[in-house]
**Q** 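Input: one structure, supplied below.
Reminder, nothing fancy here: chain letters follow the sequence lines and each chain counts from 1.
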Amino acid sequence: RAGHTAIADPAESTAGSVTLALAGGPASLDFTRTDGVAIPLVLMGNVYEGLVRINESGGLDPLLAEDWTVSDDRRTYTFTLRQGVAFSNGAPFDAESAVFSIERVRSDAWTNGLSAGMDVVASVTAEDTHVLRVELSEPSNRWLWSMGTLIGAMMTEDGVDELATAPVGTGPFTVDRWARGQSLRFAANKDYWGEPAASDSVTVQYYADATASTNALQAGDVDAVYDMQSPELATVLERDDDLVIETGATSGTVLLSMNNRVAPFDDLRVRQAVMYAVDRQAVIDTAWGGFGDDSGGAPAPPTDPWYVESSRYPHDPQAARELLREAGQEDLHITFKVPTRPYAQQISEIVASQLRDVGIVAAIESVEFPALWLDEVFTRHDYQMSVIVHAEARDIPVLYGNPDYYLGYDDERTRELLARADRESPQTQTELMRAAVDRIVDQAASDTLFVFPNIVVRRRGLQGLPSRRPTDELLLSAVTNRGDPSQEDQAQEDGS
Amino acid sequence: MTATQARSAGASRDDALVTVTGLRVDAGPDRLVHPLDLTIRAGERVGLIGESGSGKTLTALSLIGLLPDELRHGGTVALRDSSDDLLNAPERELCGLRGRRISMVFQEPMTALNPLMQVGKQVSEVLTQHRTLPNRREVRERVLGLLESVRLPDPERLLRAYPHQLSGGQRQRIMLAMAFANDPDLLICDEPTTALDVTVQRQVLDLLDEAVRSRGTSLLFVSHDLAVVARTCDRVLVMQHGRVVESGSVTDVLTAPRHDYTKQLLAASRLEPTAGGARRGAGSPPETGSGAGAGAPTGSEGPAGTERPAGAAELSEAAEPLIRVSGLHRTHRSRRRTVHALKNVDLQVRAGDRIGIVGESGSGKTTLLKILAGLDRPTSGSVSVCGVDVARASKRSMRRLREQLQTVFQDPMGSLDPRMTVREIVEEPLIGHSGARSGRERRELTARSLESVGIPASAAERYPHQFSGGQRQRISIARALVTDPDVLVADEPVSALDVSVQAQVLALLNRLVDERGLTLLMVSHDLAVVRHLCDRIVVMRHGEVVEAGPAERVYGAPEDDYTRALLEATPSLDRVLAEKPSRGGTGDRPPQP
Amino acid sequence: MIRAVGGRVLRFVLTLFATSVLVFAFMRILPGDPAEVVLGTGATEEALERTRAEFGLDRPLAEQYWDWVSGIPVGDFGVSFITGEDISPVVLDRLAVSLILVVSAMALALLVAVPLGTWAAVRHRRADGIAISAATQFGIAVPNFLAGMLLVAVFALGLGWLPANSWMPPAYDPVQFVLHLILPVVALAAVQAAVMTRYVRTAMLDVMGEDWMRTARAKGLSTFQALRRHGLRNAALPVLTVSGIQLTTLVIGAVVIEQVFVIPGIGSELLTAVAGRDLLTVQSVVMLLALITLTVNFTVDLLYLVLDPRTAVQR
Amino acid sequence: MSGTNAAAAGGPAGPDRPPARGVGLLRMLPVTGKIGLVVVAGIVVVALVSLVWTPYDPLQAVPEDRLSGSTLQHPLGTDRYGRDVLSILMAGAQITLLVGCVAVAIAAVVGTPLGILAGMRRGWAEELITRGADMMLAFPALLLAIMAGAVMGASTWSAMIAIGLAAGPGFARVARAGTLRVMSSDFILAARGASQPETRIARRHVLPNIFDLVVIQASVTFALAILAEAALSFLGLGTPPPEPSWGRMLQGGQDYLAVAPHLTVWPGLAIALAVLGFNLLGDGLRDVLDPKTRGRR
Ligand SMILES: Nc1ncnc2c1ncn2[C@@H]1O[C@H](COP(=O)(O)OP(=O)(O)OP(=O)(O)O)[C@@H](O)[C@H]1O
Ligand SMILES: Nc1ncnc2c1ncn2[C@@H]1O[C@H](COP(=O)(O)OP(=O)(O)OP(=O)(O)O)[C@@H](O)[C@H]1O
Ligand SMILES: [Mg+2]
Ligand SMILES: [Mg+2]
């Protein structure tokens, strides 16, 4: 229930409890029907669990499935499920609930677009109380991996009535208190099947304003800021001996998108000129306080196995100008539709300035996010250039494998490489993906300005808060305030 | 010389209640009141007269220590047994004196009372403030007594009334009750009756007179009305431009004025016998000099006039009436109440008539004029002016009517748009005029009209604020005459002017009406003014015409009670002066050396 | 009196009705598709269709309007597109937060402004009176969010005396509630106090120029007594009117302060609801705000009837 | 003799008021009003100068120079992109003035005629207009800005239109009150008596006589518009980047309050100064022009 916050809302901070600050809270807890990473970020792994878990290096670990086998044609998966697991409402977890969960993703109950990841499933059956068999219509490496993301969340039939406010899962926490848009308090699940949570309760406090969250940290109102959105403040916070700053890579990439279908970006040379014109490191330095990894413009984040830093486009305004001259676009005016998000607005200022250096005048137009941006840019493709974070993990096939996507990138070769990467054995997958990424970079489909960093600022005493985030999941089970500040390693401060 | 006079007047200092020495008031570099000496003895009643802005109010205020902060002052004001220097006394000392030994009644009764406080409380506050009475019951008793003493009806109810529920006269009585609450030694009245109707004015003055005499209170009475001062006071000071130009006993100053200004004032306030008589010839039926040659009003002098019921004012019977009003009603309906501004008014005016309309405030005079000028519509009844049926006239005929009938308003400032030049103002009635004229012609007409009222055409590009009040009223008259109308309607055209200026404007009106043969309808609450200019009088009350007839008859032998009351209430300087010596104890004051 | 009140009620209702039509119309011309926002990237066309139907957006406008408006009198604003929850409890809750904030700020501002404004009026020609006037000029010139930022920098980050932001419900921890309230309230009140001081000063100056104040002093009251017994109540009338107007504009104006201090008030609710194209919520918030504005005006009107005996006749 | 002494004729509190305009008006302004005028004039000059010259290109990012404090090269320091704060501040004056002018113009053009209409027509027209104005108050600038931003994209224009519309009722009120006062003057009766059409009366008599009130309201509204634009830009609903705007500078400076306070201080001061200037000017004009407050000082 979104209780009566005006009068009463316990956002507790008793012993054994931790308070974290996060940016922009979700409006609902139901990710089956609502888009956005905010919900899975705090619910996956904490309240919901999947059959498998994506580990820090991007690989898969068993979770609710103790083990699984894959048939030779790589279309049939047989999972052996963990015994003695129960949902927080008391319902047992078994193959039936797994079937229910997967079927539900394929039904109308799920409106979230990500449910398309389950389309490849041909059938799902409970072989035994704890044996689950899934048949795919064609081999897919991504399917198993995506079972570690939100669409693989295991639910129980009698726990899906109030997904928006009272989610029920098998995880180490239950939702204790939910004040929409403001805070979300988790209580440790007493009957958790595995290692119990390190803290009795963890409260996530949401801050729409980045400065406000660090203010709260400095004033001692929260124990850590996760995914800090005002990296400029790091310099100030660094001076505080009581605070530790860590950064980790995420799966999010900041994409300078160019509409490949319309002029002038239907011309490869113009796109490449932009790649040369933009000094990605300067963007990182000015717009995001020097945090974030430069992938050389490649869309793959370091959390992916196929990550390689590209050196295809160094900052070279001269090369950019030449390409523009070749393309006959020496006096180029474009509109730059920037969503109303601080990072995007900040990036747009420096990018526009750099583009001006090579003779591209970018008129910035603020576009309300999400409503208008989704409508104009994403759905109707009515734009020339935009900038947005793509937070979804492993979304390269979505972005570049579909010519109808808003990027409008239509390349036969890329599509073929991506399809093979999904189909062929996991061993060749990495190589094929690398080839695909190379191709995308070469074609300058879009410029990945930087890989979005997860900046975590915490009090010295707070421990167990991971900073690296290969997928949209913030594991809270190890987070605790009980750590002894004096034993902390000073070196950890550096983060990177 | 004035100073020495005043000082010697207060020679016997022992019984001087208030002694003012060298009082002066400055606003920045401007001297508003020049050094002034004044002594008021116990029980003495001193009048202060002078034109507007001459410094009367400032002088009065300094006696109670209420001069506005922003003004600088010098000299001393001493109050017997209390303070040598009221002007510089600390606030605490002054507070102890105000309302106890010195009280003041102000000019404007509508705003002098706190609108949010019951009047009973406001009166009792004077008593509680000075802790004159031991307990609340006695305070209440005393307040009731005071309200009774100023003859307010139903004092019990009035205690809880709010100021807006009282009439102007009643409010001024409350002020008087307040002033007398602590039996002050000195009462200062600053034009206490100017805002009131004549009849009410009379009552309040009587009350004041009686109270002051019976209690032996000293009085400083500020007024611009000589008759009123003469009636109330023993001694009088005349101020002009911040100086006392003359002072002495009322009889001396007003019968044998020495200073020019005083002479002027006297001349101006003796309008009625001189001017009125001169025009018509004493007592004889008036032969108006109107060029229209309208029938002499002799007809109505006869018995027919007297027999006629008061409501139907048929003034002249000879020619076809220019204005014919019959059964006129005008009601204002608001959410709360219905006001009958005019009730069943009948009136006929012939070309060349000079009609004066008098009556108390709110009696419907202005409403009647507005309807005649087509600026308001009757609720019922028929009104025909110059052959146009005002109630049903088309826009065009209304326009023609308005060109033939022009209006002069009361307030010479308010009726001139401050943002327009005089030329634009006077020219306005010509714009869109039926005989549409070229700009040049309009300019010529304007200049001619201005000249006829004595404003040089060279002044036409100036703005109204650059003229004096009298000049502004002339401009207003020029505007009315520019279309060469047949009928001139004037709503209190001189009541906002100083007496001396009044006379000039009236003379001008008189001349113009004569020269152009205009039909004149003039409203005034001042009987003298009306008598001066008009040959027929219409008396109105509560929206009805109570009496109408030739001026001589109405003044000489009023038929209606109200008319009689009105005439009696109107202070007449000569009458007062004639009675003066017989009044108690004033004759013994030594004349000026 | 009864007719006066009755007329006002009728006008009040009619204005509300007009407002509701306007708000509804406004919402329908907003570009952007609520279904797109809820479903986000990767939504299929059928899913969008289904969601639109679920929201009732495919029905005739009149029907949608009636559905919404007929629920208002009973406090039923419908169900949020985004949360699927009933709107009224959430919105009322947010409104309560804003009102707590704004009313305390207004109270604090008046507490400061009434004596200060009176002082400035009484001494309007003296150095101290002029100093107060000057100070208010500067006070008005500072944007309230800047005041908020500076307060946080000094009292929360610098001195560490008070929490930097966020909201603490009173029932949970009254002490913390007050502590959390101090900075935002002061930030709002500081600027508001400057505004109100000027209004009070003007009202007092007006009153001081009135004839009846001179009458009061002629009775022997000192300037101070006259002001206290006669002036304050008269000056209260215009100040009351202005406070009413200020209060309503403050509710929405506080959104920036809510942003700076992360307070879950009605302003931020409105911002998120518009961003999320949660049309019903936006409509309801705006309706509530209109209701408050009109109710405050209405109340001020009624208070006038009580405070000013003239109103009964004049209006 | 006929009272050529104008002072003698009017009486102390009379409406004996010259139509102060032009130079005379400037001379009559109280000291504070003159200060306000100087500030406003200063801002106008800065904005004009910035059209042709600023020390640096206000849009040119020089990442190497970022976040420098006051130096000889950059007297007011540089921002996060290494742009010269002084130059941005100067160019920002353009937006500030533009927003003020357009918002005030919209408000005045919408509000004043409606106010005059309400004051002249009374009856249902008045009721409709005052109710409408009341209703508009339920749609404060912020709400309108959100809407306008959503419909037209958040831009300087959407902000200006929103602020202008929200300020409209203020003008309508002032104009109506002024009109009611003017309409009770005898010179209106005189004009009607001269058969002047209502439109001419509105144009020639009412408007010139309430013009002072409108000017005062405009000055005060200007100050409010500057504050509103700052608030909207702070919320990201106003002027979009990279166009220099004081409000957005404040928003950008917020994160640097501790490291680079100059990013907050200078635009904060600029806004405060501009608002102060317009308020002082407005008050000064009121002192000179508004008969109600005349003679108070
Ligand atoms: N507070 C003030 N500041 C500046 N000048 C003032 C002030 N009060 C009065 N005056 C001026 O002082 C002069 C005398 O004013 P005062 O009120 O005494 O005149 P008055 O004789 O009472 O006139 P009236 O018959 O119109 O009441 C006038 O010219 C007036 O304009
Ligand atoms: N527009 C109006 N609405 C309501 N009542 C009105 C209106 N105009 C005049 N009245 C009322 O009609 C009555 C007559 O008013 P009118 O102005 O004609 O009186 P008057 O004789 O000219 O008074 P005065 O001598 O005060 O000018 C008064 O009671 C007045 O209050
Ligand atoms: Mg006077
Ligand atoms: Mg009248």
**Q** Within a radius of less than 6.0 Å around CZ of D/Arg121, do more than 12 heavy atoms belonging to other residues, nucleotides or ligands occur?
**A**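 Counting other residues, nucleotides and ligands, CZ of D/Arg121 stays at 12 neighbours or fewer.
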**Q** Name the region of B/Lys395, side chain, backbone, both or neither, that has any atom closer than 4.5 Å to a heavy atom of chain D.
**A**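 Looking at B/Lys395, nothing touches chain D.
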**Q** For atom CZ of B/Arg243, is the number of surrounding heavy atoms from other residues, nucleotides or ligands below 6.0 Å larger than 12?
**A**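 Atom CZ in B/Arg243 is not packed in, count stays at 12 or less.
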**Q** What distance separates B/Leu375 CG from D/Arg192 CZ, expressed to the nearest 0.5 Å?
**A**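 Going from the CG atom of B/Leu375 to the CZ atom of D/Arg192 covers 8.0 Å.
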**Q** How long is the span from the CG atom in D/Asp186 to the CG atom in B/Leu416, to the nearest 0.5 Å?
**A**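 Separation between the atoms: 9.5 Å.
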**Q** Can you tell whether the side chains of B/Glu428 and D/Arg204 come within less than 4.0 Å, N to carboxylate O?
**A**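 Between D/Arg204 and B/Glu428 there is no salt bridge, as every charged N stays at least 4.0 Å from the carboxylate O atoms.
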**Q** Do you know which of D/Ala194, D/Ser195, D/Ser185 has the most heavy-atom pairs under 4.5 Å to chain B?
**A**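 Max contact count across the listed options: D/Ser195.
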**Q** Please name the residue in the list D/Ile188, D/Val182, D/Asn209 that meets the side-chain contact (heavy atoms from CB on, under 4.5 Å) test with B/Asp417.
**A**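 Single side-chain contact (heavy atoms from CB on, under 4.5 Å) partner of B/Asp417 among D/Ile188, D/Val182, D/Asn209: D/Asn209.
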**Q** Can you give me the closest heavy-atom contact between D/Phe187 and B/Ser415, atom names plus distance?
**A**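 Smallest interatomic distance, heavy atoms only, reads CB-O, 3.1 Å.
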**Q** Can you tell whether the side chains of B/Arg419 and D/Asp212 come within less than 4.0 Å, N to carboxylate O?
**A**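 Salt bridge: yes.
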